[in-house]
Protein chains: 4
Amino acid sequence: MIEIHQLEKISPMDKRPVEIVERKGIGHPDTICDEIGEKISLYLTKYYYENFGVPLHFNIDKCVLVGGRSQPQFGGGIVLEPILLHFVGRATLHVYGELEKEVPIGVLVRSAAFDWFSENFRYLDPLRHVSIIYSIRPGSTDLRKLFEAVKDSPAPLANDTSIGVGFAPLSETERVCLGAEQLLNSREFKRRYPAVGEDIKVMAVRRNDKIRLTVAMAAVDRELSSLDDYLSLKESVKSELYEHLSKLTDRELYVEINTADNPQKGIYYLTVTGTSAEAGDDGQIGRGNRWNGLITPLRYMSIEAHSGKNPVSHVGKIYQYAAQKAAENIQKELCLDEVYVVLVSTIGKPITEPQMVYVEYIGEEGGSNVKSEITSIVEEVLKSLPNFWRRYIEGKL
Amino acid sequence: MIEIHQLEKISPMDKRPVEIVERKGIGHPDTICDEIGEKISLYLTKYYYENFGVPLHFNIDKCVLVGGRSQPQFGGGIVLEPILLHFVGRATLHVYGELEKEVPIGVLVRSAAFDWFSENFRYLDPLRHVSIIYSIRPGSTDLRKLFEAVKDSPAPLANDTSIGVGFAPLSETERVCLGAEQLLNSREFKRRYPAVGEDIKVMAVRRNDKIRLTVAMAAVDRELSSLDDYLSLKESVKSELYEHLSKLTDRELYVEINTADNPQKGIYYLTVTGTSAEAGDDGQIGRGNRWNGLITPLRYMSIEAHSGKNPVSHVGKIYQYAAQKAAENIQKELCLDEVYVVLVSTIGKPITEPQMVYVEYIGEEGGSNVKSEITSIVEEVLKSLPNFWRRYIEGKL
Amino acid sequence: MIEIHQLEKISPMDKRPVEIVERKGIGHPDTICDEIGEKISLYLTKYYYENFGVPLHFNIDKCVLVGGRSQPQFGGGIVLEPILLHFVGRATLHVYGELEKEVPIGVLVRSAAFDWFSENFRYLDPLRHVSIIYSIRPGSTDLRKLFEAVKDSPAPLANDTSIGVGFAPLSETERVCLGAEQLLNSREFKRRYPAVGEDIKVMAVRRNDKIRLTVAMAAVDRELSSLDDYLSLKESVKSELYEHLSKLTDRELYVEINTADNPQKGIYYLTVTGTSAEAGDDGQIGRGNRWNGLITPLRYMSIEAHSGKNPVSHVGKIYQYAAQKAAENIQKELCLDEVYVVLVSTIGKPITEPQMVYVEYIGEEGGSNVKSEITSIVEEVLKSLPNFWRRYIEGKL
Amino acid sequence: MIEIHQLEKISPMDKRPVEIVERKGIGHPDTICDEIGEKISLYLTKYYYENFGVPLHFNIDKCVLVGGRSQPQFGGGIVLEPILLHFVGRATLHVYGELEKEVPIGVLVRSAAFDWFSENFRYLDPLRHVSIIYSIRPGSTDLRKLFEAVKDSPAPLANDTSIGVGFAPLSETERVCLGAEQLLNSREFKRRYPAVGEDIKVMAVRRNDKIRLTVAMAAVDRELSSLDDYLSLKESVKSELYEHLSKLTDRELYVEINTADNPQKGIYYLTVTGTSAEAGDDGQIGRGNRWNGLITPLRYMSIEAHSGKNPVSHVGKIYQYAAQKAAENIQKELCLDEVYVVLVSTIGKPITEPQMVYVEYIGEEGGSNVKSEITSIVEEVLKSLPNFWRRYIEGKL
């Protein structure tokens with residue numbers, strides 16, 4: 001089942017000639033979809049657990065965000081038409097058994113969305129600026145049969161044949177890419193630069209020792225009184241990025257912000273609410289960051305969307321966690337330079353029994369027991385998966 | 001700009017210990033979204049060209065498919081609720097200039113969808129089994145200004161910062177994965193086995209010299225009179241696959257079809273229309289096959305969705321083509337073992353001038369002129385990009 | 001229960017000084033909603049009957065039509081965006097009992113709509129020009145319990161407190177109003193004047209002996225090569241109306257067609273498909289003609305929408321029929337000048353037992369047995385109501 | 001133009017043998033649609049006036065409400081799925097001229113809906129319990145041309161051929177019907193009986209001197225701890241109604257509340273939020289109360305929906321006001337027993353110039369100058385119509 005492979009003569013990412021990394025920040029339309037999908041997943045899992053003792057089946061991993069329309073202007077513009085979010089999936093809505101209960105799916109979806117917007121945006125009023133619809137097919141379950149099934153089975157059965165991919169550690173360029181967005185979206189930074197919107201996208205391209213960051217950063221119109229304000233905001237942010245990121249790397253750094261700007265033609269990246277979703281940028285679940293928060297086309301990568309999938313049996317979600325966790329533990333415990341873990345499930349088989357575990361590592365590690373150590377680390381992670389959902393709802397991941 | 005890198009001591013994919021490859025066939029919900037997105041893109045580009053002389057701006061690369069409801073049964077069941085497709089994007093709908101004309105966006109979207117279903121399904125009646133809605137924001141354009149802009153510019157300007165990835169050649173396992181689906185969805189095969197539905201998903205996992213194919217294959221209920229028919233269909237298809245695929249590989253082949261079946265519990269993969277989309281399987285654009293028709297997590301991979309993007313300036317589409325084309329040409333002309341090409345655009349810069357071209361190759365190729373040959377092949381491909389859309393609408397890609 | 005009242009010294013409608021009557025033709029947006037609502041009701045009732053032996057509960061009497069967008073022009077224009085129909089209601093979708101069966105609600109709704117369009121329009125292609133969505137909440141029923149309930153009850157129980165209104169006979173002005181639309185939408189007339197669209201609205205205002213007809217008539221662009229064609233079409237139609245309607249009345253007749261036209265400003269009533277619904281005119285169920293096909297503000301009138309209601313227990317539909325039928329029978333059998341019948345149901349009581357039957361009549365009828373004759377005619381109609389649905393699906397109403 | 005007719009020997013409504021009157025209270029699904037439609041109309045008219053100096057064209061008089069799903073229970077239940085409101089119409093969204101401005105249509109629609117719910121419900125949380133979508137086609141206007149057109153025209157031009165109907169005074173039964181709902185929905189009553197929901201429907205049927213009121217009254221679950229509470233609430237409300245309504249009439253009064261209740265079978269009218277819209281009762285604009293707040297099938301009645309129509313040129317709204325106002329003024333000033341006024345517009349003609357004014361009155365009024373007095377009252381009302389919209393936005397109607 002497990003296949004372990006040492007890559008000899010191959011350099012870890014930091015030493016390769018080229019890197020390409022992307023990060024879509026919290027306010028990007030794709031990230032909005034992913035994050036609310038996850039919040040719905042969390043609320044629903046909790047609701048099932050608190051009301052029925054077990055999380056029931058669901059899968060709401062499809063969503064499309066239709067961008068709104070707005071008219072930003074320095075000093076403060078207006079939103080013309082709301083963002084529309086259309087969530088799609090299925091969920092157990094009716095439960096037979098001792099408790100004859102219906103699941104308030106619509107209210108959970110709306111609450112998740114509105115709570116998320118309230119927690120993550122400062123200038124977007126979910127009540128006025130967002131519409132929510134959903135197409136969630138109902139399922140039903142018999143609680144007693146479910147409890148029997150749970151007792152009989154050592155682990156939930158995988159509900160799909162899918163692939164999980166993880167690696168460790170992050171390269172310097174990846175940390176720089178992540179760090180840039182995290183700085184700009186940190187509370188402290190927002191306090192000092194309230195005009196910096198939540199919609200931040202960072203592309204980092206490294207050639208040997210030069211890292212070029214292309215940052216797309218929405219500005220908030222009411223916090224800027226003029227084009228001069230906007231231009232000086234860009235300068236300040238650039239300086240802050242240089243200062244902050246130089247702590248993360250010694251390589252040469254080039255930062256560019258809003259490269260499509262053309263002030264003479266009146267083109268600059270101004271928004272009312274802090275996100276391009278207000279003005280026509282659309283989004284979907286699963287089109288942005290992977291499980292580790294980054295898009296890394298020169299790494300092994302899963303195109304599975306983990307957002308909105310259930311944390312009990314949906315390997316499209318659980319195996320992202322497991323692969324990442326295993327990679328991190330292996331790399332750390334065996335002090336390897338770089339580790340990849342890839343997991344493949346089989347639909348209908350226990351989630352603890354993947355059809356394939358593939359581990360690749362780079363690094364000088366003595367002894368023949370590398371493979372057995374790796375094997376035991378992977379097995380430990382797999383063994384923990386039936387409890388994944390508990391830690392998920394406790395926020396311990 | 002161009003970075004070329006020879007990977008020494010690394011084996012091409014065929015010689016690595018493990019491969020994982022996936023192919024979502026024509027009838028898979030994600031593929032349905034991708035394909036209709038492309039058909040809309042094609043119809044719209046053609047319409048613009050035929051009516052205005054140039055393709056105008058659009059981007060309809062978001063779509064969610066809400067699975068329907070059905071009640072299949074041997075001998076023929078019924079569809080209960082239609083599949084719903086919700087397309088999202090923007091398009092130029094109004095054109096000023098010599099011709100004051102509106103663009104029939106809604107009719108183009110509906111025609112594309114219904115034509116596609118008619119061409120690709122045998123048992124799905126788009127009129128009764130599919131609902132189409134769309135949220136496409138209107139744009140307008142001044143034709144004269146547009147023509148001037150086109151004259152002044154050597155190439156369209158990239159409308160995003162995105163990444164294109166291509167590689168060549170396909171490995172044996174990849175050809176096997178692709179070949180399995182293509183066999184089952186070929187006209188000739190459908191003629192002999194009409195009960196084989198269009199929704200085919202193939203996962204190929206290779207460990208050294210063993211390839212395991214996991215095939216999910218929808219069966220069509222009206223073409224099967226009983227469970228026995230279904231079971232014998234599976235056996236026949238398995239034999240056919242072994243026979244057909246053994247022409248593509250000498251490795252050991254294991255084929256499994258519909259592994260989640262459990263006939264005792266009444267679980268088998270039966271459909272009325274040939275696709276799981278009829279019964280609750282949802283889909284989205286960009287969640288399935290990449291440009292080359294495969295999902296290859298152990299290869300460099302772009303998560304960009306090319307479907308529905310415009311073929312003039314949207315590098316998310318054009319650079320997939322360019323990277324793939326360059327990789328193929330380089331590999332072929334220089335007789336290399338394996339070639340990867342990665343392109344990164346800069347928003348607002350000509351599509352012929354990527355900020356980064358990264359080429360990796362494996363293979364013994366003599367002489368110092370490898371790099372210059374690669375460079376000139378890449379440049380040739382880039383130079384052709386302003387004409388990409390013409391060949392796109394002529395069907396020459 | 002029954003209240004009968006002779007109106008002395010009051011003239012029947014034909015002799016009153018003023019009349020106002022309106023008729024929205026088959027292609028009017030409100031009529032489209034009403035008619036398709038009825039077709040859905042018919043298809044669903046039939047489906048229930050054929051599959052379960054009894055019609056099950058449903059109520060789909062809400063619908064909104066969102067007008068499309070088009071660009072008509074002489075010689076033939078194009079539809080830009082389709083008409084959207086959104087049907088709303090509830091229906092029994094799941095039936096327990098000997099037959100475990102699901103109801104194909106979505107396919108029935110789509111079939112009803114598309115069949116209706118195909119039967120009633122010549123230039124509207126439902127596949128390309130119409131989108132259908134629906135929000136129909138599912139209900140379920142236990143067949144055995146239902147059959148027991150049906151056996152125990154002499155008549156279905158009214159599912160609402162509502163009002164049915166009928167009157168007879170039609171006045172001359174009403175016959176003229178109805179006749180004008182029927183002429184223009186007759187097969188024979190369409191054959192001779194294919195350019196006359198299906199969307200015809202007629203307002204008839206009578207003052208003493210002068211009847212003024214205001215006709216709104218959509219013209220079909222591909223059947224007219226120029227404005228001159230359009231203007232001469234209007235003239236021809238006007239002549240035909242005078243000729244045809246003069247057979248129905250001896251009063252002075254004034255006909256005006258498309259009074260809002262202003263050819264100098266380019267304003268005329270041209271369409272691609274024959275209905276204003278293609279270009280922004282919206283509609284709803286229940287906002288147009290009453291049960292008798294007319295809107296008669298100077299008559300007693302129910303605002304209940306009968307369309308889309310079930311024919312078994314929904315008095316909002318059945319009592320329109322019953323009141324009209326009773327009025328017609330009373331008027332005819334007793335040779336009265338004018339008869340009104342008003343019925344009021346009580347929710348939860350048998351449909352054969354209204355809380356109020358109110359009959360008003362005008363006319364000289366000898367003898368004291370008028371009231372008993374009226375009573376017995378009304379009772380006969382009421383007694384027939386439990387079979388209303390059978391005749392409904394047989395098309396015998 | 002004006003036609004005045006005295007009805008001799010006909011009794012005013014109070015003296016006729018039968019009356020049927022209906023009132024759908026504030027929380028009824030149809031009333032919700034009507035009221036929010038009006039609030040949107042108000043917000044939009046105000047917005048146009050405040051931003052452009054004149055109200056621009058719009059018409060949002062179609063809406064469908066899709067009932068939600070809930071699980072009420074004594075002590076407090078939950079809402080499962082939100083109510084969905086789908087508004088349909090058109091509005092001027094883009095204005096050329098000195099001010100290049102876009103109209104925030106989506107935000108106005110959402111604000112109107114949420115403000116209305118907040119003002120009119122105590123237990124319904126619009127954020128969690130209501131979804132809003134809209135299909136509003138955009139129009140555009142040139143401000144300068146508009147101002148010129150306004151200067152040139154003595155009055156706005158009617159944008160439809162429609163009918164307005166009014167009468168005065170209300171009969172005793174009508175006042176009783178109205179009074180019953182107003183009592184139950186008054187602040188003071190809600191304070192004393194918080195368990196009485198907002199969804200109240202009253203049907204009043206009078207036969208000679210007996211008035212029977214059938215009241216459908218939603219109860220609020222969290223304010224009732226048991227079925228006993230519910231039953232005693234019904235008793236208390238009944239007593240209060242008798243007491244209150246006996247001040248309005250001396251006739252015999254019979255009040256029935258929630259006649260479909262069947263406590264043995266667990267059937268009673270319990271809600272979480274106070275409206276049946278939470279649990280599957282659907283609604284539409286224009287299907288409930290007429291302009292005067294009542295449905296009166298035995299009176300002349302317009303089926304026009306005034307809600308959501310613009311107050312400048314849409315005679316479907318303005319003529320309801322005008323007819324009612326004229327009827328009231330005539331009845332009061334000439335001390336007549338009963339007056340009906342019916343107005344018919346012609347599309348494209350000034351709203352001050354109806355094609356027909358029809359006045360009917362009952363009452364002994366001396367002198368030959370009745371007709372001239374009526375004529376001058378009507379003319380005064382018509383003359384005031386170009387200012388209707390100003391008083392509309394000032395809340396002076």
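Partners of D:R290 by salt bridge (charged side-chain N to carboxylate O under 4.0 Å, His left out), not counting sequence neighbours: none found.
Only the side chain of C:R137 comes within less than 4.5 Å of a heavy atom in chain D; its backbone stays farther off. For C:V342, the part lying under 4.5 angstrom from a heavy atom of chain D is the side chain only. The contact between D:D61 and chain C is made by backbone and side chain atoms together, counting heavy-atom distances below 4.5 Å. Residue contact with chain D, scored on non-hydrogen atoms closer than 4.5 Å, involves the side chain of C:R212 exclusively. Proximity to chain D (any heavy atom under 4.5 Å) is shown, for C:N159, by neither the backbone nor the side chain. At a 4.5 Å heavy-atom cutoff, C:T296 makes no contact with chain D through either its backbone or its side chain. Residue C:D281 touches chain D through both its backbone and its side chain, counting heavy-atom pairs closer than 4.5 Å. Only the side chain of C:I295 comes within contact range of chain D, judged by heavy atoms closer than 4.5 Å. In this structure, chain D has a heavy atom under 4.5 Å from the backbone of C:L65, while its side chain stays farther away. For C:E22, the part lying near chain D is the side chain, with the backbone staying farther off; criterion is any non-hydrogen pair under 4.5 Å. Residue C:D261 does not touch chain D at all, counting heavy-atom pairs closer than 4.5 Å. For C:M203, the part lying near chain D is the side chain, with the backbone staying farther off; criterion is any non-hydrogen pair under 4.5 Å. Within the 4.5 angstrom heavy-atom criterion, only side-chain atoms of D:V205, from C-beta onward, approach chain C. Only the side chain of C:V344 comes within less than 4.5 Å of a heavy atom of chain D; its backbone N, CA, C and O stay farther away. With a threshold of 4.5 angstrom between heavy atoms, C:T214 approaches chain D through side-chain atoms but not through N, CA, C or O. For chain D, the nearby part of C:I20 is the side chain; its heavy atoms alone come within less than 4.5 Å. Looking at D:D160, only its side chain comes within 4.5 Å of chain C, counting heavy atoms on both sides.
D:P82 has its side chain out of reach of D:V130: every pair of non-hydrogen atoms, C-beta onward, lies at least 4.5 Å apart. Looking at heavy atoms from C-beta onward, D:S345 lies out of side-chain contact with D:I351 at the 4.5 angstrom threshold. Using a 4.5 Å heavy-atom cutoff, the side chains of C:R23 and C:N289 are in contact. Residues C:R299 and C:E338 are in side-chain contact: their nearest non-hydrogen atoms beyond the backbone lie under 4.5 Å apart. The side-chain heavy atoms of C:T92 and C:H57, taken from C-beta on, include a pair separated by under 4.5 Å. With contacts defined as side-chain heavy-atom distances shorter than 4.5 Å, the pair C:I36/C:S307 does not qualify.
Considering only heavy-atom pairs separated by less than 4.5 Å from chain D, the leading option among C:L84, C:N59, C:I285 is C:I285. Ranked by non-hydrogen atom pairs under 4.5 Å with chain C, the options D:N208, D:V18, D:L157 are led by D:V18. Per-residue heavy-atom pair counts under 4.5 Å with chain C were compared for D:V165, D:T259, D:T161, and the maximum is reached by D:T161. Ranked by non-hydrogen atom pairs under 4.5 Å with chain C, the options D:R287, D:H5, D:H86, D:E256 are led by D:R287. When each of C:T346, C:L298, C:I347 is scored by its heavy-atom pairs under 4.5 Å with chain D, the top score falls to C:L298. Comparing C:G280, C:C63, C:G67, C:G283 by how many heavy-atom pairs each has under 4.5 Å with chain D, the most go to C:G280.
Just one residue in the list D:Y361, D:Y358, D:F167 forms a ring pair (Phe, Tyr, Trp, His ring centres under 6.0 Å) with D:Y340, and that residue is D:F167. When each of D:K24, D:Q284, D:K201 is checked for a side-chain hydrogen bond (donor to acceptor under 3.5 Å, both in side chains) with D:D30, only D:K24 meets the rule.
Minimum heavy-atom separation, C:Y268 to C:P263: CD2-CA, 4.3 Å. When all heavy atoms of D:A158 and D:V315 are compared, the closest pair comes out as CB-CG1, 3.7 Å.
Looking at D:R16 and C:E3, no side-chain N of the basic residue comes within less than 4.0 Å of a carboxylate O on the acidic one, giving no salt bridge. Checked for salt-bridge contact, D:D282 and C:K62 miss the test: no charged N lies under 4.0 Å from a carboxylate O.
Defined by atom type and a distance below 3.5 Å, a donor-acceptor pair is present between the side-chain atoms of D:E360 and D:Y300.
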